[in-house]
Structure formats: structure tokens, C-alpha cells
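Worth knowing before you read on, the calculation uses all heavy atoms, side chains too, and leaves out hydrogens, waters and symmetry mates.
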Amino acid sequence: QVQLVESGGGSVQAGDSLSLSCAASGRTFSNLVVGWFRQAPGKDREFVAHLTWSTGSISYSNSVKGRFTLSRDISKNTVYLQMNNLKPEDTAVYYCGVRRSFTPNSIESYTAWGQGTQVTVSS
């Protein structure tokens, strides 16, 4: 069972950058997909990006493609979400979670979540 610890949220101006971290304890991310989702007040949790640990394969949602970048540090069992050119519509609580690599990329497939970290972008 993997436990996830998130950090890096904050309040910034439009156009600024933030980097979020998702660190694993208890086990590594081996055989897992690490996903980032976000949820604004009154809205459903929205897919942002995911990374398949075993291969390094990465996918992004259209809303963040070209602005956000996923990366990993294998030695630290950590996934980073580098967010550039932030926009007010990026304001949300950001969550990382994990699922088995053969499962659909849906909320129901994720078996563990971090606590979430608030990102606020002002115009």
C-alpha cells in the first residue's frame, strides 16, 4: 500500500509558475500510474495528467498541454508537476493518486490519494 505526500501549492499571479510534488512512502511507484487531478469549488474532479512509472509515458489534458510538465525522480520516488503560465482557471485543489497500469483513467480506478494542495491564481 502506497502513501502519498503532496507539497508545493500556493497563491500566485497569472503567468507565474509553481511546482507540485507527490512523494511515495511504503512502496515505490513500480507497476503504477501516477495521476494528477484538480477540483475547483462546486465542480467535479478533473483529470490533469498522468505518468506510467514503469515506462515514463506521460499524457496531458488538453487544457494544460504545453503549459504543464510531469517528471519523476526515481531515487526519491517522487513525481513533479511543473506548472507554467498559470491562469485563473487553473485555480483548484490539486490531488495526486495512483492506479494499476491496466485500469481505466477514471476516478474509480485510483486506489490511493494525497491530501490535496491548494493552487490559487489571481489575474
Point-to-point distance, once rounded to the nearest 0.5 Å, from OH of Tyr95 to CD of Glu46 | 13.5 Å

Taking every non-hydrogen atom, the tightest pair across Ala40 and Ala92 = N-CB, 3.9 Å

Taking all heavy atoms of Gly97 and all of Leu4, pick out the closest pair and write down the distance.
-> CA-CD1, 3.7 Å

So, does Tyr60 use its side chain to make a donor-acceptor pair with the main chain of Leu70 at under 3.5 Å?
-> yes

Is Val12 linked to Val48 within one hydrophobic cluster, defined over Ile, Leu, Val, Met, Phe, Trp and Tyr using a side-chain heavy-atom separation of less than 4.5 Å?
-> yes

Please answer whether the main-chain N or O of Glu6 pairs with a side-chain N or O of Gln115 as donor and acceptor at a distance below 3.5 Å.
-> yes

For Thr91 against Val121, the heavy-atom pair lying closest together = OG1-N, 2.9 Å

Within the distance-only criterion (no hydrogens, no angle test), does the side chain of Ser59 pair as donor or acceptor with the backbone N or O of His50 below 3.5 angstrom?
-> no

Ser63/Arg38 under side chain to side chain contact (heavy atoms under 4.5 Å, CB included): CA gap, chis, key distance, verdict | CA-CA 12 Å; Ser63 62; Arg38 64 188 183 185; 3.5 Å; yes

Nearest heavy-atom pair of Gln82 and Ser17: which atoms, and what distance?
-> NE2-CB, 3.9 Å

Hey, does the side chain of Thr78 reach the backbone of Lys76 with a donor-acceptor pair shorter than 3.5 angstrom?
-> yes

Path from Val119 to Val5 over hydrophobic side-chain contacts below 4.5 Å = no

Heavy-atom nearest pair, Leu86 first then Leu18, reads CD1-N, 3.9 Å

Side chain to side chain contact (heavy atoms under 4.5 Å, CB included) between Thr103 and Glu108, worked out = CA-CA 9 Å; Thr103 59; Glu108 292 75 18; over 6 Å; no

Looking only at atom types and distance, does a side-chain atom of Gln39 sit under 3.5 Å from a main-chain N or O of Val93, one as donor and one as acceptor?
-> no

Just jot down the salt bridge (charged side-chain N to carboxylate O under 4.0 Å, His left out) partners of Arg67, sequence neighbours excluded, or say none.
-> Asp90

Heavy-atom closest pair (Ala14 atom, Ser123 atom, distance to 0.1 Å) is CB-CA, 4.2 Å

Who are the side-chain hydrogen bond (donor to acceptor under 3.5 Å, both in side chains) partners of Gln3, not counting sequence neighbours?
-> none

Does Tyr110 belong to the same Ile/Leu/Val/Met/Phe/Trp/Tyr cluster as Leu51, with side-chain heavy atoms less than 4.5 Å apart forming each link?
-> no

Which atom pairs, donor and acceptor, lie under 3.5 Å between side-chain atoms of residues 28-37 and protein residues at least two apart or in another chain?
unit_1	atom_1	unit_2	atom_2	d
Thr28	OG1	Ser30	N	3.2
Thr28	OG1	Ser30	OG	2.9

Please examine the side chains of Leu20 and Phe68, heavy atoms only from C-beta on, and report whether any two atoms are closer than 4.5 Å.
-> no

Linked, directly or transitively: Val79 and Val2 (ILVMFWY side chains, under 4.5 Å) = yes

Heavy-atom donor-acceptor pair, Arg72 side chain to Trp53 backbone, under 3.5 Å = yes

Cluster link Tyr80 to Ile74, ILVMFWY, side chain under 4.5 Å | no

